[in-house]
Participant: 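Dropping the structure in here first, questions after.
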Amino acid sequence: MKCNRSDNNSNDRLPGARQSTMLFTPKLVGESVECIMKQLSLLKVLAAALLLAALPSACSKETGHNNHGAEDHSASGTDKPAIASADEGMSSGGHGNHGGSHNDHAAQAEDQVKASFTFDSEAPIANEETELTITIAGEDGVPISDFTENHEKLLHLIIVDHSLGYFNHIHPAYEGGGKFTIKTTFPAGGEYKLFADFMPAGGSAVTKSDWVEVSGKASSHSEVKPDKALVKEEAGKEVEMQMSSSKAGEEVTLSFHIRAADSKKEITNLDPYLGAVGHVVILSEDAGEYIHVHPIDEHAAGPVASFATTFSKRGVYKIWGQFQHEGNAFTVPYVVNVTE
Ligand SMILES: [Cu+2]
């Protein structure tokens, strides 16, 4: 394109494509009507491409939050511009009737967001407090500064060690300008994987991860082995997990039945934890895959807390169920085998 024209002009001539125009103005240079027409069609193509990229994100969100979608959607329908979806189509068609899996497309949208994990020292040292900074930016490197709260937080950080024996779920503070910080202490040396789970305003949930090396003596390396029985005792509670299916590619309901460990009395007054009956995180045994899980009835208080998820492929997975009772949060881990 070798055309020249002013920003004002382009905005005036492109009602309804304002955001696209703003985004692409630097590339638009031209004077002739012919040129403007060319640009218009280019913008249409670009807008369509952006819409295609944006739609599946909206869809994956739609399918993911089946029981509490309304609040999330109204949050995403604010007037804040979508970072990767500069098109009005997002609001008109984005939240329609989309079922099924959109994994491939969602991945594309996620690719447009970058996260970097840095520490105040060159490498964190085991048993020494270190400050972690997570910086979120778009593909162009420009920080993303608006986020939508998801499960009561702007960003959820999950830290696991290589053997998935260590699990930490914390919430870094937002400093503005795409930057989140938190002080944390790694319990031993070795490799850890960090997962940042967040939702850019107007976009869908994104999970970004990275391995970090912590210096110091490593803890003993244990194998991630499937549990023989899915009944665990934690913080005075006996928590039994049931899976409606252990097959890959199927929607699975995970039900956690919570009783008092000593009396076996059912717990029926769980506290809300992160705005729901509980929070569940699932990782594949190599920590390569982070699986989103959603409460089926987020307002439940026990004795059963149910969640929906889908394991994309066979293999061994570790599941952490997090609940809160009488002010005390507790985490219950399980290892399961998912078959073909
Ligand atoms: Cu969290």
Side-chain angles (χ1 to χ4, degrees), residues 60-61 64-69 71-72 75-76 110 113 115-117 130-136 144 146-161 164-176 178-187 192-201 203-210 212 234-235 239 254 256 258 270-284 287 289-301 305-309 317-325 327-334:
S60 60
K61 190 166 147 187
H65 291 258
N66 29 17
N67 286 308
H68 55 110
E71 296 106 293
D72 286 331
S76 72
E110 275 199 56
V113 179
S116 71
F117 300 85
T130 176
E131 186 173 75
L132 165 68
T133 299
I134 303 168
T135 310
I136 315 290
I144 292 171
D146 281 329
F147 298 89
T148 302
E149 233 176 55
N150 190 17
H151 298 287
E152 294 192 333
K153 302 289 174 183
L154 291 180
L155 186 143
H156 301 262
L157 176 68
I158 305 291
I159 305 178
V160 292
D161 68 354
L164 305 186
Y166 173 77
F167 173 91
N168 196 9
H169 175 182
I170 49 180
H171 302 105
Y174 188 44
E175 312 286 350
K179 243 178 212 167
F180 291 84
T181 60
I182 193 162
K183 290 194 163 83
T184 191
T185 304
F186 295 92
Y192 289 79
K193 196 166 187 183
L194 314 183
F195 297 86
D197 191 338
F198 54 92
M199 198 184 274
S204 58
V206 170
T207 306
K208 291 285 151 184
S209 60
D210 205 2
V212 299
E234 199 68 54
V239 186
L254 305 174
F256 297 84
I258 304 164
L270 286 171
D271 300 332
Y273 180 70
L274 296 170
V277 63
H279 194 271
V280 176
V281 172
I282 306 180
L283 292 179
S284 58
E289 209 184 334
Y290 178 99
I291 302 182
H292 284 271
V293 184
H294 303 279
I296 289 170
D297 175 9
E298 64 174 357
H299 300 298
S306 300
F307 299 82
T309 195
Y317 291 84
K318 189 152 184 175
I319 301 172
W320 292 267
Q322 299 192 281
F323 308 97
Q324 189 174 307
H325 186 236
N328 300 313
F330 56 98
T331 303
V332 199
Y334 302 87

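All ligand and atom numbering here is 1-based and tracks the order in the structure. In this text, all values refer to a predicted model and were calculated from it rather than measured experimentally.
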Participant: I'd like to know if the side chain of Thr309 and the backbone of His292 have a donor-acceptor N/O pair within less than 3.5 Å.
Facilitator: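 Yes; judged by distance alone, with no hydrogens or angles, the pair exists.
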Participant: Side chains of Ile158 and Phe167: closer than 4.5 Å at any heavy-atom pair?
Facilitator: yes
Participant: Provide the closest heavy-atom pair for Phe330 versus Glu234 in the form atom of the first, atom of the second, distance.
Facilitator: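 Here Phe330 and Glu234 meet closest at CD1-O, 4.3 Å.
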Participant: Tell me, please, which residues at least two apart from Pro187 pass side-chain contact (heavy atoms from CB on, under 4.5 Å).
Facilitator: Tyr166, Tyr192
Participant: Please report the number of protein N, O or S atoms that lie less than 2.8 Å from the Cu ion (ligand 1).
Facilitator: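 For the Cu ion (ligand 1), protein nitrogen, oxygen or sulfur atoms under 2.8 Å: 3.
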Participant: Does a side-chain heavy-atom distance below 4.5 Å link Phe180 with Ile136?
Facilitator: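 Phe180 vs Ile136: side chains touch.
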Participant: Which of parallel (below 30°), tilted (30 to 60°) and perpendicular (above 60°) describes His156 and His151?
Facilitator: perpendicular
